[in-house]
Amino acid sequence: DQQVKQNSPSLSVQEGRISILNCDYTNSMFDYFLWYKKYPAEGPTFLISISSIKDKNEDGRFTVFLNKSAKHLSLHIVPSQPGDSAVYFCAASEDSGYALNFGKGTSLLVTP
Amino acid sequence: ETGVTQSPTHLIKTRGQQVTLRCSSQSGHNTVSWYQQALGQGPQFIFQYYREEENGRGNFPPRFSGLQFPNYSSELNVNALELDDSALYLCASSSQGGKNTEAFFGQGTRLTVV
């Protein structure tokens with residue numbers, strides 16, 4: 001039972017434009033959300049997180065938006081760079097905090 | 001500051017065998033979690049160790065077991081290997097019992113069961 005869903009397996013964006021990656025969740029107990037980036041043959045790298053008490057968190061080129069009523073979050077990357085090409089995973093955890101529930105990932109390709 | 005390291009990086013085992021995977025947590029982190037990532041899927045939570053005790057477990061059978069040592073390093077043991085156990089096994093370390101803190105992952109161990 002997939003509680004975190006990333007419905008777009010892949011996304012292609014031109015360098016300099018905005019990349020928007022989407023994530024939906026079904027468990028209303030989730031209160032902490034994270035995005036990870038993964039290159040081939042490497043482990044996931046933490047990118048940015050957001051607590052359920054916020055609706056936006058920004059870190060440089062990366063911004064995460066959380067819409068609790070819609071159970072939806074998105075990651076915006078602007079401007080996109082070729083080095084951003086990777087698989088992006090959305091993850092969420094409940095109040096207990098011990099388990100991260102991951103989506104299946106979205107493969108982002110940023111073309112020059 | 002050293003990151004999370006896992007060993008070995010690749011492993012091939014025969015069905016029915018047992019395997020032990022190892023993880024050294026990031027400096028200053030006291031919590032280790034293990035995840036299984038099958039091909040084309042996101043990582044699935046196996047269990048977490050905090051202060052040498054299991055602190056939560058996902059939907060995995062008892063033949064998946066673990067240990068955490070006083071230096072916070074950890075082992076994942078899988079008995080009676082099955083073909084479906086073939087996957088990338090990821091270790092992640094975090095602090096404060098893993099609650100609402102980002103977890104940092106190692107590069108993973110690719111296990112192939114034949």
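For the numbers below, each heavy atom of this structure counts, side chains included, while hydrogens, waters and symmetry mates do not. Chain letters run A, B, ... following the sequence lines, proteins first and then strands; every chain starts at 1. Since we're looking at a predicted model, the values are computed, not measured.
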Using a 3.5 Å distance criterion without hydrogens, assess whether the side chain of [X] forms a donor-acceptor pair with backbone atoms of [Y].
X: Q2(A); Y: V4(A); result: yes
X: S93(B); Y: Q26(B); result: yes
X: N101(A); Y: A92(A); result: yes
X: H10(B); Y: L111(B); result: no

[X] versus chain A, the contacting section by heavy-atom distance below 4.5 Å:
X: A103(B); result: both
X: I46(B); result: neither
X: Q6(B); result: neither
X: F47(B); result: neither

- prompt: Does a side chain donor of either D24(A) or T26(A) reach within less than 3.5 Å of an acceptor in the other side chain?
  reply: no
- prompt: Are side-chain N/O atoms of N22(A) and S74(A) paired as donor and acceptor at under 3.5 Å?
  reply: no
From F102(A), Y88(A), F62(A), residue fulfilling ring pair (Phe, Tyr, Trp, His ring centres under 6.0 Å) relative to Y36(A): F102(A)
query: Which residue out of Q44(B), R110(B), Q41(B) racks up the most heavy-atom pairs below 4.5 Å with chain A?
result: Q41(B)
- request: Name the member of S33(B), P43(B), G42(B), A92(B) that forms the most heavy-atom pairs with chain A at distances under 4.5 Å.
  value: P43(B)
message: For residues 57-72 of chain B, give me every residue with a non-hydrogen atom less than 4.5 Å from any non-hydrogen atom of chain A.
response: R57(B)
message: I'd like to know whether D85(B) forms a salt bridge (Lys or Arg N to Asp or Glu O under 4.0 Å) with K13(B), so could you lay out the CA-CA distance, the side-chain angles of the two residues, the decisive distance to 0.1 Å, and finally the verdict.
response: CA-CA 10 Å; D85(B) 296 332; K13(B) 287 286 190 177; over 6 Å; no
Greater than 12 external heavy atoms within 6.0 Å of K104(A)'s NZ: no
